[in-house]
Visitor: 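Here it is: the structure, laid out below.
Since the structure is predicted, the reported quantities are computational estimates derived from the model, not experimental observations. When a ligand or atom number is given, it counts from 1 through the structure's own listing order.
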Amino acid sequence: MPITSWKVGAGGTARATASMLDPRLIADLRAARRVVVFTGAGMSAESGIPTFRDRLTGLWAQVDPMEVATARAFRANPQRTWDWHVQLAEAVRAAAPNAGHAAIAALEQAGPEVTVITQNVDALHHRAGSREVVELHGNLLRLTSFVDEEAAFAAASPTICRVCDGYAVWEHCDPYAERGDLAAIELRAGPVPRCPGCGALLRPDVVWFGEPLAVDAIEAAWNAVDRCEVLIAVGASLEVEPAASLPWRALARGARVVEVNPVPTALAAQCHAVISGAAAEVLPALFAAIWPER
Ligand code: APR
């Protein structure tokens, strides 16, 4: 393994794709009833959203993630963390799904049951029309309250605010505040907003380093991986757990695993095919070759 490894550039066509893949693998992919598409930041690169670990243009080449993407960083300097996320939100708002997102959404019409498991927080899979999407790392444009666990445990009698379900920390808590009041606040430039209900600082609803994933999200991902016959890993460096283990979990359970990435990852040596190229070019060609009836 891998059985097949090929490179697609601007000239990559569906016909070339089909002839380059191992016929046994094509047959397995075609026969699959359940497909998982597992995506990382490279999926949205051609939509104009930077990846994290590209050596020159990646977000983590510009700033230490420990300074903007941890609860500790937010506690120390909420405004800096907020401002960094506002910048990313601008890129996400300006972005549109690319041909790769569209090809994944259209794959549902080709017959297999498709589950998208994404580490991306840009909601571009939803916007492209994918129906079954597991957002492992949350959603950047959704806000939640920052529950400062250190302060909450220090307080004598913490209470739960009905607006945000966080600990009430503000003496002017508005008992008439509604969930709609929270929904009306957006990730925009300006001072860090507070929950109208409890006064807690608001934060983007994403998973920062050191935080656990939502239990329902990781369970949904494990269930989909355990049931799939094919997993296609797209644009993920596989450096962050527990998401990084999902393709290996699929392999261990006997699924066919294909990697789509211009730079092969550690998975490349283990999976059934490696397609070296950009998601927006490779996925439409790959899917047209495997599921031409679409
Ligand atoms: N098409 C497909 N893949 C691409 C493209 C492209 N056009 N451009 C880059 N890539 C690949 C890179 O080669 C790399 O393997 O996308 C991957 C991006 O890797 P990372 O930047 O590490 O992004 P990701 O794997 O999603 O990071 C995981 O790290 O900081 C956290 O929470 C953040 O969800 C993120 C997690």
Visitor: Please identify which atoms of ligand 1 are closer than 4.0 Å to at least one heavy atom of E46.
Guide: 7 (N)

Visitor: State, with a plain yes or no, whether a side-chain heavy atom of H272 is found less than 4.5 Å away from one of L251.
Guide: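 Result yes, sub-4.5 Å side-chain heavy-atom pair found.
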
Visitor: Tell me if a side-chain donor or acceptor on N98 pairs with a main-chain N or O of M43 at a distance below 3.5 Å.
Guide: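 Side chain of N98 to backbone of M43, a donor-acceptor pair under 3.5 Å: yes, one is there.
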
Visitor: With only distance considered, is W60 within less than 3.5 Å of ligand 1 through an N or O on each side?
Guide: yes

Visitor: Give the atoms of ligand 1, by number and element, whose distance to some non-hydrogen atom of A278 is under 4.0 Å.
Guide: 1 (N), 6 (C), 7 (N)

Visitor: Less than 4.0 Å is my threshold; does some heavy atom of P262 fall inside it relative to ligand 1?
Guide: yes

Visitor: Just distance, no hydrogens or angles: give the donor-acceptor pairs under 3.5 Å from side chains in residues 87-97, sequence neighbours left out.
Guide:
residue, atom, partner, partner atom, Å
R93, NH1, L187, O, 3.2
R93, NH2, L187, O, 3.0

Visitor: For atom 34 (O) of ligand 1, find the nearest protein heavy atom and state the residue, atom name and distance (0.1 Å precision).
Guide: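 Atom 34 (O) of ligand 1 sits closest to the protein heavy atom H137 ND1, 2.8 Å.
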
Visitor: Do F74 and V192 come within less than 4.5 Å of each other through their side chains, counting heavy atoms only?
Guide: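 A side-chain contact under 4.5 Å exists here.
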
Visitor: I need the atoms of ligand 1 closer than 4.0 Å to a non-hydrogen atom of V263, numbered in the order shown.
Guide: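 Going through ligand 1 atom by atom, the ones under 4.0 Å from V263 are 13 (O).
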
Visitor: Can a non-hydrogen atom of V234 be found less than 4.0 Å from any atom of ligand 1?
Guide: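 It does not; every heavy atom stays at 4.0 Å or beyond.
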
Visitor: Using heavy atoms and a 4.0 Å limit, tell me yes or no: is A236 in contact with ligand 1?
Guide: yes

Visitor: Tell me if a side-chain donor or acceptor on T70 pairs with a main-chain N or O of A73 at a distance below 3.5 Å.
Guide: yes

Visitor: Heavy-atom distance under 4.5 Å between the side chains of T81 and F146, does that happen here?
Guide: no

Visitor: Which protein non-hydrogen atom lies closest to atom 28 (C) of ligand 1, naming both residue and atom, and how far is it?
Guide: Q119 OE1, 3.3 Å

Visitor: Is there a donor-acceptor pair under 3.5 Å between the side chain of E135 and the backbone N or O of I117?
Guide: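 The answer is no, because no donor-acceptor pair under 3.5 Å joins these two groups.
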
Visitor: Provide, to 0.1 Å, the distance between atom 29 (O) of ligand 1 and the closest protein heavy atom, together with that atom's residue and name.
Guide: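 Atom 29 (O) of ligand 1 sits closest to the protein heavy atom R53 NH1, 2.9 Å.
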
Visitor: How far is atom 25 (O) of ligand 1 from its nearest protein heavy atom, and which residue and atom name does that atom have?
Guide: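 Here the nearest protein heavy atom works out to S237 N, 2.9 Å.
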
Visitor: Report the nearest protein non-hydrogen atom to atom 1 (N) of ligand 1: residue, atom name, distance rounded to 0.1 Å.
Guide: A279 N, 2.9 Å

Visitor: Residues in side chain to side chain donor-acceptor pair (under 3.5 Å) with W248, at least two apart?
Guide: none

Visitor: Any luck finding a side-chain donor-acceptor pair between E219 and N223 under 3.5 Å?
Guide: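 No, no side-chain donor-acceptor contact under 3.5 Å.
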
Visitor: Please list the nearest protein heavy atom to atom 18 (C) of ligand 1 with its residue and the distance rounded to 0.1 Å.
Guide: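 Protein heavy atom with the smallest distance to atom 18 (C) of ligand 1: G235 O, 3.6 Å.
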
Visitor: List the closest protein heavy-atom neighbour of atom 13 (O) of ligand 1: residue, atom name, distance to the nearest 0.1 Å.
Guide: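 For this ligand atom, the closest protein heavy atom is N261 OD1, 2.7 Å.
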
Visitor: Is the shortest distance from a heavy atom of E239 to ligand 1 less than 4.0 Å?
Guide: no

Visitor: Of the backbone atoms (N, CA, C, O) and the side-chain heavy atoms from C-beta on, which set of T51 has a member under 4.0 Å from an atom of ligand 1: side chain, backbone, both, or neither?
Guide: both

Visitor: Just jot down the ligand 1 atoms closer than 4.0 angstrom to any heavy atom of G40, in number order.
Guide: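 Heavy-atom distances to G40 below 4.0 Å select 26 (O).
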
Visitor: Answer yes or no: is there a side-chain heavy-atom contact under 4.5 Å between F38 and V116?
Guide: no

Visitor: Any donor and acceptor pair, going by atom type alone, linking the side chain of N120 with main-chain N or O of D122 inside 3.5 Å?
Guide: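 Side chain of N120 to backbone of D122, a donor-acceptor pair under 3.5 Å: no, none is there.
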
Visitor: Nearest protein heavy-atom contact for atom 26 (O) of ligand 1: which residue, which atom, what distance?
Guide: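 Minimum-distance protein heavy atom for atom 26 (O) of ligand 1 reads A41 N, 2.8 Å.
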
